[in-house]
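Notes follow the structure.
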Amino acid sequence: MKLTVLDGYAANYDEAVPFEALAEFGEYQVFDRTPREKTVERAKDSELVLTNKTVLDAEILSALPNLRYIGVLATGWNVVDTDAARRAGIVVTNVPSYSTQSVAQLVFAHLLNLCREVEKHARSDWSKAEDFSYCLTPQIELTGQTLGIVGFGEIGRSVALSALGFGMRVQTFTRTPSKIDIPQVRAVSFEELLRTSDVVSLHCPLTKENAGLMNRAAFEKMKRTAILINTARGGLVDETALADALRSGEIRAAGLDVLCREPPAPDNPLLHLPNCRITPHLAWATEAARKRLMNCALENIRAFLRGKSINVVS
């Protein structure tokens, strides 16, 4: 049996999560990255393929007659045409919930950075100050602030628990308010969340219905002192509208780990705004999270080979 990893670099950029464990399934090969024009050539003899962001659409799947299984090394599986895979009898699995704590951690890394500007102050020259203490930016305390969470799945829930630890009030807009199992978390409408939250953090999947959810009208409803955090999907935010809102002071700041296009175009209006901090889609990338990712990916393959597939998305 032959297995191909099409883009192993993201999961193993520091070689802390080696792919040698794949040897239990037979012959395997790992490519750091695979451009579209080389996908078929590299995977043509494989029965099993692992992918993170390499696209496997209907055209490519039709050229891979030996393929029986696709393991997506991520939670989102939009890189695979699942309808085409289903028609071809190819099982597609994902890796759910592996990065929950890591994503929640980055939410607060962004939020604390925007509230306290630790790096900016640490790099300033204290030795030349006239006073024992100084502040280059407003210093914001989280205790008593209201966090509005859009989407209350596992990550949203983890963010809520962290926020409560900081003494924040927490409210959420969710399709399933009956599943809120934290008494201190209040379900509200989307409009109320925008109007009353000091921080809005996005934790919902991207769908056709909510693309551009955070648009000009949404920013107009928010407090001028509000902060937007997005570690979910770039397409949830109208980036032009966000840039305008940040420039005009309609909202205070934004911390983003995802964008509509990744990597971004050089002319993306958000890239050089002083009140917008962007990290390169790394919320998931802690070593602990990537080890969980690999362990789950291995279990997914074992289950498939036993004829009892788990984490199936198609």
Indicate whether the side chain of Asn311 and that of Asn94 have a donor and an acceptor atom separated by less than 3.5 Å. no
Is there a donor-acceptor contact under 3.5 Å from the side chain of Thr100 to the main chain of Ile155? no
Work out which heavy atom in Arg33 is nearest to a heavy atom in Arg42; give both atom names and the distance. O-NH1, 2.8 Å
Cluster question for you: counting only ILVMFWY and a side-chain heavy-atom cut-off of under 4.5 Å, with indirect links fine, are Ile229 and Ile149 together? yes
Would you please say whether a donor-acceptor pair under 3.5 Å links the side chains of Asp7 and Thr54? yes
Please give the remaining members of the hydrophobic cluster of Leu136, linking ILVMFWY side chains under 4.5 Å, ordered by chain and number. Trp126, Tyr134
Determine whether a donor-acceptor pair (N or O, by modelled atom type, separation under 3.5 Å) exists between the side chain of Asp131 and the backbone of Ser133. no
Please work out whether the ring planes of Phe173 and Phe190 are parallel, tilted or perpendicular, with thresholds of 30° and 60°. tilted
Locate the shortest heavy-atom distance separating His203 from Ser201; write the atom from each residue and the value. NE2-OG, 2.7 Å
Would a hydrophobic clustering, with Ile, Leu, Val, Met, Phe, Trp and Tyr connected at side-chain separations under 4.5 Å, put Ile180 with Val159? yes
Between Thr93 and Val313, is the side-chain contact (heavy atoms from CB on, under 4.5 Å) condition met? List the steps. CA-CA 5 Å; Thr93 67; Val313 297; 5.9 Å; no
From the list Thr231, Val237, Leu256, side-chain contact (heavy atoms from CB on, under 4.5 Å) partner of Leu202 resolves to Val237
For a quick check under 3.5 Å, do Glu239 and Asn268 share a side-chain donor-acceptor pair by atom type? yes
Other residues, nucleotides, ligands: >12 heavy atoms within 6.0 Å of Glu15 CD: no
Does the side chain of Thr196 pick up a donor-acceptor pair with the side chain of Gln171 at under 3.5 Å? yes
Drop me the distance from Asp45's CG to Leu3's CG, to the nearest 0.5 angstrom. 13.0 Å
Quick check for you: to the nearest 0.5 Å, what is the distance between Cys276 atom SG and Leu271 atom CG? 8.0 Å
Thr4 (side chain) donor-acceptor with Leu6 (main chain) under 3.5 angstrom: no
Backbone N or O of Leu106 within a donor-acceptor pair of the Asp257 side chain at under 3.5 Å? no
Roughly how far, to the nearest 0.5 Å, is the CZ atom of Arg116 from the CG atom of Leu111? 11.5 Å
Looking only at side-chain N and O atoms, does Ser127 offer a donor or acceptor that is under 3.5 Å from a partner on Asp125? yes
Which atom pair, heavy atoms only, marks the closest approach of Cys115 to Leu142? SG-CD2, 3.8 Å
Quick check for you: to the nearest 0.5 Å, what is the distance between Ile90 atom CD1 and Thr82 atom OG1? 11.5 Å
Report, as yes or no, whether the 6.0 Å neighbourhood of atom CD on Glu24 holds more than 12 heavy atoms from other residues, nucleotides or ligands. yes
Counting only heavy atoms not in Gln105, do more than 12 sit closer than 6.0 Å to its CD atom? no
Ignoring hydrogens, what is the shortest heavy-atom contact between Ala163 and Leu147? Give both atom names and the distance. CB-CD2, 3.5 Å
Nearest heavy atoms of Ser314 and Ala85, plus distance in Å: OG-CB, 4.3 Å
Does Trp284, at its CH2 atom, have more than 12 non-hydrogen atoms belonging to other residues, nucleotides or ligands within less than 6.0 Å? yes
Is any side-chain heavy atom of Met1 closer than 4.5 Å to one of Leu48? yes
Phe108 and Phe166: aromatic ring centres closer than 6.0 Å? yes
Same cluster for Leu61 and Leu50 if Ile/Leu/Val/Met/Phe/Trp/Tyr side chains link at under 4.5 Å? no
Hey, quick one: are Val80 and Leu64 part of the same hydrophobic cluster, counting side-chain heavy atoms closer than 4.5 Å, chains of contacts allowed? yes
Closest non-hydrogen atom pair, Leu194 against Met214: CD2-CE, 3.8 Å
Okay, side chain of Asn230, backbone of Arg233: is any donor-acceptor separation there less than 3.5 Å? yes
Given side-chain contact (heavy atoms from CB on, under 4.5 Å), test Arg157 with Glu154 step by step and report yes or no. CA-CA 5 Å; Arg157 184 179 186 280; Glu154 289 194 31; 5.7 Å; no
Between Gln145 and Arg169, is any side-chain donor less than 3.5 angstrom from a side-chain acceptor? no
